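Take a look at the structure below.
Sequence lines set the chain letters: A, B, ... in the order given, protein chains first and strands last, and positions in each chain run from 1. This is a predicted model, so every value here is computed, not measured.
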Amino acid sequence: MSNLEPFNPRGMLHDGWTSQVDDFAIACGWAKKGNIFLVGGSAGGLYAFNGSNGKSLWNKESSHQEGLLALDINPEGDNFATSGQDGAVRFWNSENGNELNFIDLGKGWVEHLCWSPDGKYLAIAFSRIVYVYSSTGKEIWKSEQHPSTVSALAWAKENELATACYGQVCFYDITKNKVNQKLEWRGSLVSMVISSNGDIVACGSQDNSVHFWRRSTGHDAEMTGYPGKPSNIAFDHTGKLLATGGSERVTVWSFEGNGPEGTIPGELGHHTEAVSSLSFANKSKLIASGSRDGSVVVSFLQNNGDGNPVGAAFSGNSISALAWKPDDCAIAAVNSKGGVNIWNFKVRTES
Amino acid sequence: MNESKKVPVTILTGFLGSGKTTLLNRILSEEHGKRIAVIENEYGEVGIDQGLVINADEEVFEMSNGCICCTVRGDLIRVLGNLMKRRDKFDYVLVETTGLADPGPVAQTFFMDEEISSEFTLDGIVTLVDAAHIDQQLGRSDESSEQVAFADVLVLNKTDLVSEDSLKNLESRLRDMNRMTRIIRAEQAKVPIETVLNLSAFDLDQVLKRRPSFLEPEYPFEWTGVYNLEAGRYELILEDGPDPEMSLVAFKDQGTSEEDLKEGAESCVRYYAESPLEIFNGDHVPFSKHVNLNLKDKGPKSFILDLDQSCNVGLFTQHTAEEFDIKLLSVNEKNKGELVTTEKERIWVAEHEHDDEVGSIAIERIGDVDPEKLNTWMGRLLAEKGVDIFRTKGFISYAGNPKRIVFQGVHMLFTAQPDKEWGNEPRRNQLVFIGRNLDEEQMQKDFDKCLI
């Protein structure tokens with residue numbers, strides 16, 4: 001339970017709709033250009049809502065035996081994928097919840113899923129092995145065994161997939177089946193993001209630091225001094241601002257000029273407990289941060305990483321995922337008690 | 001989150017074949033009202049039809065800073081991180097490690113990772129030991145001695161395959177290595193569940209409450225018998241035993257309370273420090289004098305005690321009475337040949353040869369310490385020797401602080417917090433270090449420098 005006093009949406013956040021799912025909501029996202037909102041629960045429940053009014057469209061009780069671990073929505077299609085502790089990946093139709101494909105990878109956890117930006121490929125992390133499947137469920141590529149369990153996936157380009165695990169980030173060309181680049185560093189990498197131009201890869205590390213590499217120059221740097229581990233990190237759409245969690249503050253590094261090395265990061269201190277989710281708006285320098293205290297704050301960032309809050313809202317329990325609607329006119333939050341909140345965001349649109 | 005709401009985690013270690021899987025199945029099948037999630041190593045084979053059994057590769061993650069206390073188990077962080085979202089399904093976690101696992105990173109995971117420590121609490125480390133094979137294993141691998149060193153509970157399993165004598169020897173060897181641990185004997189891993197679960201061994205409040213005498217001084221004698229005797233002559237009879245000689249000190253007016261016994265023990269230490277007077281079969285035993293009984297002759301040997309007035313006589317012997325079947329007979333007119341029984345018996349933890357690399361060091365001192373000096377010393381000690389110090393427990397009296405400071409640590413990780421008020425209790429300090437190749441004398445000296 002949150003220790004915060006409940007409060008009504010403030011600033012540019014306004015009541016949208018709310019709903020409730022049966023257990024800890026671990027993932028959420030928008031499908032069909034924002035017409036459908038999807039939520040995945042830890043026990044394996046899947047829930048689809050009408051994106052504008054919250055009306056329930058369909059739900060599934062148990063998509064994965066023993067529980068759901070990942071849910072990712074195809075950015076270009078009508079389908080989405082889920083995976084779980086049963087060693088399986090399932091493809092679903094967003095509109096009606098029909099199961100389209102099923103992949104059984106064997107005994108083990110399938111912990112991470114990641115669609116390529118064009119929606120053609122789904123990357124799948126199964127323990128130490130990474131697979132790439134087509135959106136129709138055909139195996140395209142399979143990695144060698146990684147030195148340890150794969151902890152994060154990200155696409156650098158259409159055909160180039162990055163994997164992170166203890167000690168390394170590796171870039172694979174999945175159509176030519178070759179390693180493009182291997183960046184080694186002795187540390188447990190727990191999260192990974194890549195800038196929009198594919199040049200900067202940043203990882204949160206177990207030892208309370210953020211490590212990043214510039215691929216073009218091979219130069220790397222380590223940002224230390226976080227009170228906790230930065231499990232949540234996010235790049236804005238320009239690839240110039242890197243927002244990081246790891247405490248109750250959001251720390252924003254700016255890659256403008258010669259930064260962020262030697263610069264002072266922006267610090268957004270609006271939460272009372274650790275940041276548990278971060279999401280940049282699709283087309284602007286707006287960062288939404290969710291916290292274990294149940295609050296969500298939207299901040300407007302300047303190029304140097306500093307920022308000011310423009311809206312805040314309260315969901316009651318620890319925020320587990322945030323998702324901006326594709327048109328950035330609403331932000332969704334799901335929490336540890338299954339609460340679903342959609343707040344409308346009044347943004348000035350450039351004409 | 002409230003401490004009591006955190007999910008307790010028990011770590012089960014032990015070499016292959018020590019009976020971990022048997023114990024695990026026993027715990028799972030018993031009616032204890034707990035919903036237990038089990039994290040098994042990749043070779044685990046829990047046979048019970050149990051809902052939440054998760055297999056995990058043991059992934060030890062060292063950090064780039066090279067600090068051993070930052071080393072954690074990545075698989076546990078992942079698995080527990082996901083499990084905590086399913087709190088409805090379990091209220092207890094058991095982690096089984098392979099025989100080759102180093103318990104350090106497992107334990108450190110519960111202190112070093114904030115996400116894990118906010119939801120889970122390390123309840124205790126239970127190490128299974130195969131009574132028949134541990135002697136060889138201890139000599140051969142570091143892991144097995146580390147698993148003994150880390151244990152809050154040592155389950156000495158398969159005791160049915162080993163003689164009572166070797167069990168005793170084994171127990172004393174294990175206790176030398178880890179003096180904080182509780183040793184439980186078992187056949188086929190049959191142990192009461194409450195002796196392995198819900199130990200709160202890492203809860204500072206519990207550290208000392210549970211076993212207030214975990215720290216027993218090591219005396220050069222093993223046994224004390226107190227006899228209530230009238231004036232007259234008595235014969236002390238010893239049968240053939242393990243040694244051809246034995247040290248003894250006899251006291252008049254020995255009390256029988258624990259306090260009196262300890263006082264007697266302490267004065268006895270002083271006499272033991274003096275060279276003994278050798279006496280032979282049939283000789284008189286002088287009081288308040290260190291004597292060495294010559295027991296080379298075969299058959300019963302007897303020594304004479306003369307009392308001019310009735311009093312309590314305390315005998316402090318190097319070995320236990322059992323080993324020599326010690327008897328005291330009255331040879332007075334009135335009740336000639338009558339066996340006199342002890343008013344009180346006390347067995348002391350004996351001093352043993354410390355031949356294992358892994359051992360316990362205990363420091364016990366009366367008085368207050370200077371917090372600054374102690375911190376400097378502990379900081380330096382843990383920085384230099386943290387790799388070799390597995391566990392630390394104890395309490396300290398800080399000058400000027402009305403409360404006792406209790407602490408515990410794993411490698412370099414160290415937590416201290418104020419406990420109850422001292423009140424009228426005499427101020428004192430007790431520290432136990434379990435580790436490898438520790439220099440006891442130097443540590444005692446260094447600690448003494450912290451005293452005020």
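- Of the listed residues (A:Ser205, A:Ser188, A:Gly187), the one with the most heavy-atom contacts under 4.5 Å to chain B is A:Ser188.
- A:Ser276 and A:Ser291 share no donor-acceptor pair across their side chains, judged by distance under 3.5 Å alone.
- When each of A:Gln85, A:Glu111, A:Lys107 is checked for heavy-atom pairs under 4.5 Å with chain B, A:Glu111 comes out on top.
- No part of A:Ser151 comes within reach of chain B, as not one of its non-hydrogen atoms sits under 4.5 angstrom from that chain.
- Your options are A:Ser42, A:Gly41, A:Ser231, and the one with the most heavy-atom pairs under 4.5 Å with chain B is A:Ser42.
- The neighbour count for B:Lys385 NZ, taken as heavy atoms of other residues, nucleotides or ligands under 6.0 Å away, does not exceed 12.
- Interface remark: of the candidates B:Arg86, B:Glu114, B:Glu115, B:Met112, B:Arg86 forms the most heavy-atom pairs closer than 4.5 Å to chain A.
- Between the side chains of A:Thr272 and A:Asp293, a donor-acceptor pair is found at a separation under 3.5 Å.
- Between B:Glu40 and B:Lys20 there is no salt bridge, since none of the side-chain N atoms of the basic residue sits less than 4.0 Å from a carboxylate O of the acidic one.
- Residue contact with chain B, scored on non-hydrogen atoms closer than 4.5 Å, is absent for A:Ser336.
- Looking at B:Val79, both its backbone and its side chain come within 4.5 Å of chain A, counting heavy atoms on both sides.
- A salt bridge is defined here as a Lys NZ or Arg NE, NH1 or NH2 lying under 4.0 Å from an Asp or Glu carboxylate O, and B:Asp91 with B:Lys34 fails to meet this definition.
- In this structure, the ring of A:Phe126 has its center no less than 6.0 angstrom from the ring center of A:His146.
- Note on A:Gly228, A:Gly67, A:Ser148, A:Ser127: by heavy-atom pairs under 4.5 Å with chain B, the leading option is A:Ser148.
- Of the atoms belonging to B:Glu59, it is side-chain heavy atoms, and not backbone ones, that fall under 4.5 Å from chain A.
- Between the side chains of A:His270 and A:Ser289, not a single donor N or O lies within less than 3.5 Å of an accepting N or O.
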